[in-house]
Amino acid sequence: MHRTHRENTEAPGPRIDGFTYHRVKVDGDVDGDEGVALNVAVGGPATATPVVLLHGFPQTHLMWRHVAAELAVDHRVICPDLRGYGASDKPAAVSDATYSKRTMAADVVALARALGHERFALAGHDRGALVAVRAGLDHPDAITHLASLDVLPTPDMWEVMHGTSAAVGFHLYLMAQPPGLPERMIEASADAFFGHFLDIWTRDPAAVPDDVRAAYLKASREAVPSIVADYRASATVDLEHDTADRRAGRTLGMPVTVLQQDWGAALGFDAAARWRAWAPRLTHRTVSCGHFMAEEDPAGVTEALRALLATG
């Protein structure tokens with residue numbers, strides 16, 4: 001496995017205060033993938049217990065800025081931009097594997113190892129949570145604790161979307177279409193498209209200040225093909241991988257905490273029961289804030305993560 005990293009003093013846009021930025025070349029050893037260089041912010045004591053935080057859509061690592069700063073008091077905190085997002089590499093999707101969650105999870109494990117951590121806790125929001133789940137299934141010996149913020153595992157997500165209530169997830173269907181049309185449609189009005197989600201998924205608009213919003217929009221408009229490829233994978237190869245694991249009875253053996261809006265009430269499903277099928281050691285909490293909970297309720301998210309990390 002090839003691993004190199006260097007300090008990245010030119011990482012664009014707002015930064016997490018007190019964190020050092022690096023550009024890390026990782027090769028997760030997934031067949032057909034040549035690896036990527038990831039932009040990553042690192043903070044906290046070098047010898048402390050490592051925690052990796054993965055962002056969601058349409059965001060970057062910056063979404064963790066409040067939580068990361070708090071956790072860095074006594075943990076080594078690692079916040080990458082996922083492949084295809086932010087200032088990380090955005091390879092062309094030459095196959096289904098390029099943006100599969102299996103490949104993205106291998107990136108994360110290789111990143112942690114490149115930074116000196118064979119085992120680490122992992123938390124993800126939205127898209128990052130799907131990567132975290134795949135990492136927990138594929139690399140159980142590396143993941144000590146796992147947290148998922150406001151998402152369902154891929155097979156469950158598709159199963160609960162039905163009827164007019166599924167309109168809330170129109171973007172899932174749009175970006176599941178074959179290459180070409182979704183990219184052209186989104187690129188034609190990228191700020192309006194990505195800004196729509198920043199608006200409707202946020203209950204407290206002040207939680208995403210203007211400079212951060214601008215950074216998210218810029219990063220997203222510059223990454224339309226890779227973002228679409230990430231979502232398309234969830235309707236194809238990710239679904240195949242997760243369905244195979246579910247049929248085989250594979251579960252997440254580590255302690256798992258899920259923080260989730262009350263989507264079950266809105267769409268008619270039992271969120272905790274669906275998660276418990278994947279995570280026997282589950283703590284499931286319903287939150288009252290919006291989707292971007294690490295920004296709207298950083299204290300609550302930090303408290304939940306600290307409780308998870310204290311679980312033996």
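All of these numbers come straight from a predicted model, not from anything done at the bench. Numbering starts at 1 and runs along the sequence shown.
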Exercise. What do the steps show when you test Arg213 against Asp199 for salt bridge (charged side-chain N to carboxylate O under 4.0 Å, His left out), and what is the final call?
Worked result: CA-CA 10 Å; Arg213 179 188 176 89; Asp199 292 337; 2.9 Å; yes

Below 4.0 angstrom, N of the basic side chain to O of the carboxylate: do [X] and [Y] qualify?
{"X": "Arg134", "Y": "Asp245", "value": "yes"}
{"X": "Arg276", "Y": "Asp270", "value": "no"}
{"X": "Arg23", "Y": "Asp89", "value": "yes"}
{"X": "Arg306", "Y": "Asp74", "value": "yes"}
{"X": "Glu183", "Y": "Arg221", "value": "no"}

Is any side-chain heavy atom of [X] less than 4.5 Å from a side-chain heavy atom of [Y]?
{"X": "Thr49", "Y": "Arg76", "answer": "no"}
{"X": "Asp107", "Y": "Val36", "answer": "yes"}
{"X": "Arg83", "Y": "Leu38", "answer": "yes"}
{"X": "Arg127", "Y": "Asp230", "answer": "yes"}
{"X": "Leu111", "Y": "Val40", "answer": "yes"}
{"X": "Leu146", "Y": "Pro255", "answer": "no"}
{"X": "Phe57", "Y": "Ile227", "answer": "yes"}
{"X": "Leu82", "Y": "Ser88", "answer": "no"}

Verify same cluster id: [X], [Y] (apolar side-chain graph, 4.5 Å):
{"X": "Trp158", "Y": "Met175", "result": "yes"}
{"X": "Val42", "Y": "Leu71", "result": "yes"}
{"X": "Val301", "Y": "Val73", "result": "no"}
{"X": "Val168", "Y": "Met293", "result": "yes"}
{"X": "Trp64", "Y": "Leu308", "result": "no"}

Problem set entry | Intermediate values then yes/no, salt bridge (charged side-chain N to carboxylate O under 4.0 Å, His left out), Glu159 and Arg246 | CA-CA 14 Å; Glu159 289 169 4; Arg246 184 162 68 176; 2.5 Å; yes

Exercise. Just checking, is any N or O donor in the side chain of Gln261 or Asp150 under 3.5 Å from an acceptor N or O on the other one?
Worked result: yes

Problem set entry | Short side-chain donor-acceptor distance under 3.5 Å, Trp278 and Asp156 | yes

[X] [atom1] to [Y] [atom2] distance, which is reported to the nearest 0.5 Å:
{"X": "Met157", "Y": "Trp263", "atom1": "CE", "atom2": "CH2", "answer": "12.5 Å"}
{"X": "His139", "Y": "Arg102", "atom1": "NE2", "atom2": "CZ", "answer": "8.0 Å"}
{"X": "Leu239", "Y": "Ser100", "atom1": "CG", "atom2": "OG", "answer": "13.0 Å"}
{"X": "Thr98", "Y": "Glu34", "atom1": "OG1", "atom2": "CD", "answer": "9.5 Å"}
{"X": "Tyr231", "Y": "Tyr99", "atom1": "OH", "atom2": "OH", "answer": "14.5 Å"}
{"X": "Ile143", "Y": "Leu122", "atom1": "CD1", "atom2": "CG", "answer": "5.0 Å"}

Can you see which heavy atom on [X] is nearest to which on [Y], and at what distance?
{"X": "Val67", "Y": "Pro298", "result": "CG2-O, 3.8 Å"}
{"X": "Pro45", "Y": "Ala72", "result": "CD-O, 3.3 Å"}
{"X": "Asp211", "Y": "Pro14", "result": "O-CG, 4.0 Å"}
{"X": "Arg281", "Y": "Met254", "result": "CB-O, 4.0 Å"}
{"X": "Val109", "Y": "Ala142", "result": "CG1-CB, 4.5 Å"}

Treating [X] as the side-chain partner and [Y] as the backbone partner, does any N or O pair qualify as donor plus acceptor under 3.5 Å?
{"X": "Thr251", "Y": "Gly253", "value": "no"}
{"X": "Arg285", "Y": "Leu259", "value": "no"}
{"X": "Thr60", "Y": "Leu62", "value": "yes"}
{"X": "Ser226", "Y": "Gly84", "value": "yes"}
{"X": "Asp81", "Y": "Ala87", "value": "yes"}
{"X": "Ser189", "Y": "Ile186", "value": "no"}
{"X": "Ser165", "Y": "Met161", "value": "no"}

Seminar exercise, completed: With Glu295 as partner, the option from His66, Arg65, His125 fulfilling side chain to side chain donor-acceptor pair (under 3.5 Å) is Arg65

Exercise. Among Thr154, Asp138, Asp238, whose side chain to side chain donor-acceptor pair (under 3.5 Å) with Lys101 holds?
Worked result: Asp238

Seminar exercise, completed: Paired with His61, the ring pair (Phe, Tyr, Trp, His ring centres under 6.0 Å) test is passed by just one of Phe19, Tyr216, Tyr21, namely Tyr21

Exercise. Going through the checks in order, is the salt bridge (charged side-chain N to carboxylate O under 4.0 Å, His left out) test met by Arg119 and Asp141?
Worked result: CA-CA 7 Å; Arg119 286 170 54 79; Asp141 292 339; 5.7 Å; no

For this session: Kindly indicate, with the supporting measurements, whether the criterion side-chain contact (heavy atoms from CB on, under 4.5 Å) is fulfilled by Val160 and Leu152.
Result: CA-CA 9 Å; Val160 304; Leu152 282 175; 3.9 Å; yes

Exercise. So among Val108, Leu54, Leu115, which one has a side chain to side chain contact (heavy atoms under 4.5 Å, CB included) with Ile78?
Worked result: Leu115

For this session: Give a yes or no on whether Glu303 atom CD has more than 12 heavy-atom contacts from other residues, nucleotides or ligands under 6.0 Å away.
Result: no

For this session: Just do the salt bridge (charged side-chain N to carboxylate O under 4.0 Å, His left out) check on Arg203 and Glu296 with the steps written out, would you?
Result: CA-CA 8 Å; Arg203 295 188 184 180; Glu296 293 192 54; over 6 Å; no

Exercise. Parallel, tilted or perpendicular for Phe197 and Phe193, by the 30°/60° rule?
Worked result: perpendicular

For this session: Determine the interplanar angle of the Phe170 and His196 rings, folded into 0 to 90°, and report it as parallel if under 30°, tilted if 30 to 60°, perpendicular if over 60°.
Result: perpendicular

For this session: Quick one: do Leu130 and Ser234 satisfy side-chain contact (heavy atoms from CB on, under 4.5 Å)? Show the steps, please.
Result: CA-CA 9 Å; Leu130 299 178; Ser234 286; 4.0 Å; yes

For this session: Report the C-alpha distance between Gln59 and Tyr85 in whole Å, list the side-chain angles of each, state the deciding distance to 0.1 Å, and finish with yes or no for side-chain contact (heavy atoms from CB on, under 4.5 Å).
Result: CA-CA 8 Å; Gln59 300 165 295; Tyr85 288 83; over 6 Å; no

Exercise. Does the pair Leu174 and Met185 meet the rule for a side-chain contact (heavy atoms from CB on, under 4.5 Å), with working shown?
Worked result: CA-CA 9 Å; Leu174 172 62; Met185 290 177 66; 4.0 Å; yes

